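Below: the structure, in structure tokens.
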Amino acid sequence: MKIQAIGKYVPENVLTNQDLEKIMDTSNDWIVSRTGIKKRHITTDDTTSSLAVKAAQNILNNSQIKATEIDFIIVATMTPDSHSPSVAAIVQSEIGANSVMAFDVSAACSGFVYALSIAEKMLQAESVEYGLVIGAETMSQTIDWSDRSTAVLFGDGAGGVIVKSSIESSLLAEDIHADGKKGNALVSGKIVNDAKTGNDKWRRSPLTMDGRDIYNFVVKEVPNSIRTVTKKANLELKDIDYFLLHQANERLIKQVSKKLALDSTKFPSNIAEYGNTSAASIPLLLAELVENQTIQLESGQKLLLSGFGGGLTWGSLVITI
Ligand code: 4VN
């Protein structure tokens with residue numbers, strides 16, 4: 001597997017911390033000091049599939065590849081438009097790809113890491129040359145806007161890559177996990193039977209999160225995962241050019257860098273602009289770092305991607321780019 005092209009799309013509409021101060025009991029100072037978030041992009045008319053389609057078109061524009069050359073499409077999302085059709089199937093139709101394999105991956109904030117890992121395995125099949133891998137979310141559709149502990153954290157967006165089969169894989173190592181026993185720490189879209197209330201029988205619940213629980217879990221597990229995957233790649237931490245962590249909380253990212261005794265400049269962040277976009281956060285960050293030339297395709301730079309969140313799931317990849 002080789003990463004051939006990168007792209008993104010975020011909705012234009014911005015919701016600032018000052019905007020939130022007007023609709024809930026919160027403050028810009030609290031949000032910035034606890035999370036690093038200053039604003040988030042929130043869709044007005046877009047859904048997860050339309051964000052994913054626009055990101056796909058941007059990725060294709062950044063490549064020399066035509067939609068008809070793509071051999072599979074994977075979309076990582078925890079906020080699909082529907083369970084059927086999948087977001088990936090909608091993307092397949094909208095970008096004019098052939099009738100190739102298309103499916104969604106449900107691994108919350110780890111989704112993009114899971115999807116890239118799956119893509120690498122699929123590219124080992126002889127008849128497969130190009131794959132489109134996207135992380136796309138409209139977290140705004142699952143947020144409980146009366147819950148100030150979660151409403152301030154999330155945003156919408158999509159990003160992704162085209163991957164190409166190659167004899168020398170740029171995926172050097174992976175370390176991917178789930179611990180379903182801790183699943184209740186982050187729940188979204190749970191099917192609830194409301195028959196007793198006389199309302200419509202079935203509804204899906206908004207996002208609820210035990211923030212402390214997840215935060216502590218991440219501080220414990222993610223440094224281990226980063227060490228493990230680096231070792232599996234026969235590298236040392238100092239050999240990694242950039243650590244692209246899921247953008248869940250800037251303070252948390254600083255804490256992870258500190259635990260690893262690494263300079264925080266090796267942990268780029270764009271959470272100030274987008275908030276937590278779940279499965280879209282790592283590809284959005286990657287796309288921006290390529291846009292501003294911090295990361296250059298074909299440079300041989302070594303990147304460590306690490307996703308973590310609902311499931312609970314977590315996973316790290318070491319790639320060369
Ligand atoms: C991973 C993490 C989080 C997350 C958890 C807690 C949290 C983000 C709680 C304490 C609060 C500031 C905000 Cl670590 C979320 C996901 C889901 O993508 C994954 N923020 N906070 C404070 O300081 O009181």
Side-chain angles (χ1 to χ4, degrees), residues 17 20 24-38 40-41 48 76-79 105-115 135-144 147-159 176-180 182-190 205-226 243-259 267 269-272 274-285 305-316:
N17 292 348
L20 285 172
M24 62 184 72
D25 185 13
T26 189
S27 75
N28 177 53
D29 283 352
W30 189 91
I31 302 172
V32 172
S33 66
R34 300 299 189 101
T35 72
I37 300 166
K38 294 181 177 158
R40 64 289 289 142
H41 292 243
T48 296
T77 187
M78 60 180 282
T79 52
V105 164
S106 173
C109 316
S110 313
F112 189 73
V113 164
Y114 270 63
E137 305 277 15
T138 42
M139 295 305 288
S140 59
Q141 60 151 287
T142 187
I143 288 169
D144 174 358
D147 175 5
R148 66 174 178 170
S149 73
T150 54
V152 303
L153 300 177
F154 294 94
D156 302 337
I176 302 183
H177 300 277
D179 182 0
K182 299 192 175 73
N184 283 334
L186 197 165
V187 176
S188 167
K190 188 184 174 83
S205 66
L207 184 143
T208 55
M209 180 171 96
D210 186 334
R212 278 280 138 223
D213 236 28
I214 300 200
Y215 194 105
N216 293 336
F217 164 81
V218 171
V219 170
K220 178 168 169 277
E221 289 300 340
V222 170
N224 288 341
S225 176
I226 289 174
F243 297 80
L244 274 54
L245 268 55
H246 166 48
Q247 301 288 295
N249 186 313
E250 193 162 85
R251 234 175 39 166
L252 169 93
I253 295 171
K254 290 237 158 67
Q255 224 166 318
V256 170
S257 70
K258 216 169 175 182
K259 255 189 123 171
F267 292 70
S269 168
N270 61 3
I271 193 172
Y274 301 114
N276 177 347
T277 57
S278 184
S281 88
I282 292 175
L284 267 183
L285 182 61
L305 314 186
S306 190
F308 39 83
L312 296 180
T313 56
W314 68 106
S316 304

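In listed order, ligands and their atoms are each counted from 1. Keep in mind it's a predicted model, so treat the numbers as computed, not measured.
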task = Quick one: sort the His177 and Trp314 rings into parallel, tilted or perpendicular, breaks at 30° and 60°.
result = parallel
ask   = For ligand 1, which atoms have a heavy atom of Leu186 less than 4.0 angstrom away?
value = 17 (C)
ask   = For His246 and Gly307, which heavy atoms make the closest approach, and how far apart are they?
value = CB-CA, 4.0 Å
request  = May I ask you to identify the nearest protein heavy atom to atom 8 (C) of ligand 1, giving residue, atom name and distance to one decimal place in Å?
outcome  = Ala248 O, 3.5 Å
task = Note the single closest protein heavy atom to atom 10 (C) of ligand 1, along with its residue, its atom name and the distance in Å.
result = Arg212 NH2, 3.7 Å
task = Would you mind listing which atoms of ligand 1 come within a distance below 4.0 Å of any non-hydrogen atom of Phe308?
result = 1 (C), 19 (C)
ask   = Which is it for Trp30 and ligand 1 at heavy atoms under 4.0 Å: side chain, backbone, both or neither?
value = side chain
request  = Using a cut-off of 6.0 Å, state whether more than 12 heavy atoms not belonging to Asp147 lie near its atom CG.
outcome  = yes
Element-labelled atoms of ligand 1 that are located less than 4.0 Å from some non-hydrogen atom of Ile214 = 1 (C), 2 (C), 14 (Cl), 19 (C)
ask   = To which protein heavy atom is atom 16 (C) of ligand 1 closest, and what is the distance rounded to 0.1 Å?
value = Asn276 ND2, 3.7 Å
inquiry  = Any carboxylate oxygen within less than 4.0 angstrom of a Lys/Arg side-chain nitrogen, looking at Asp213 and Lys182?
reply    = no
request  = Specify the protein heavy atom at minimum distance from atom 20 (N) of ligand 1: its residue, its atom name, and the distance to 0.1 Å.
outcome  = Asn249 ND2, 3.3 Å
Which of the ligand 1 atoms, numbered from 1, are nearer than 4.0 Å to a heavy atom of Leu252 = 14 (Cl)
ask   = Cys109 heavy atoms, cut-off 4.0 Å: which ligand 1 atoms fall inside?
value = 17 (C), 18 (O)
Ala279 to Glu137 - nearest heavy-atom pair and separation = N-OE2, 3.1 Å
ask   = At a 4.0 Å threshold, what atoms of ligand 1 neighbour a non-hydrogen atom of Arg251?
value = 23 (O)
ask   = Per the side-chain hydrogen bond (donor to acceptor under 3.5 Å, both in side chains) rule, which among Thr48, Thr77, Thr277, Asp156 passes with Thr138?
value = Thr48
task = Check each of Asn28, Thr35, Asp29, Thr26 against Asn17 using the side-chain hydrogen bond (donor to acceptor under 3.5 Å, both in side chains) test, and report the only one that passes.
result = Asn28
task = Look up atom CZ in Arg40 and atom CG in Leu20, then write down how far apart they are to the nearest 0.5 Å.
result = 4.5 Å
note = All heavy atoms of Asn270 vs all of Leu285, minimum pair found to be ND2-CA, 3.5 Å
request  = Could you tell me the residue and atom name of the protein heavy atom closest to atom 6 (C) of ligand 1, and the distance to it rounded to 0.1 Å?
outcome  = Gly211 O, 3.3 Å
Aromatic ring pairing Tyr274/His41, orientation class (parallel under 30°, perpendicular over 60°, tilted between) = tilted
query = In the protein, what heavy atom is nearest to atom 22 (C) of ligand 1, and what distance, to one decimal place, separates them?
reply = Arg34 NH1, 3.2 Å
message = If I apply the N/O under 3.5 Å rule, does Tyr215 come out as touching ligand 1?
response = no
query = Who gets closest to atom 4 (C) of ligand 1 by heavy atom: Met209, Gln255, Gln247?
reply = Met209
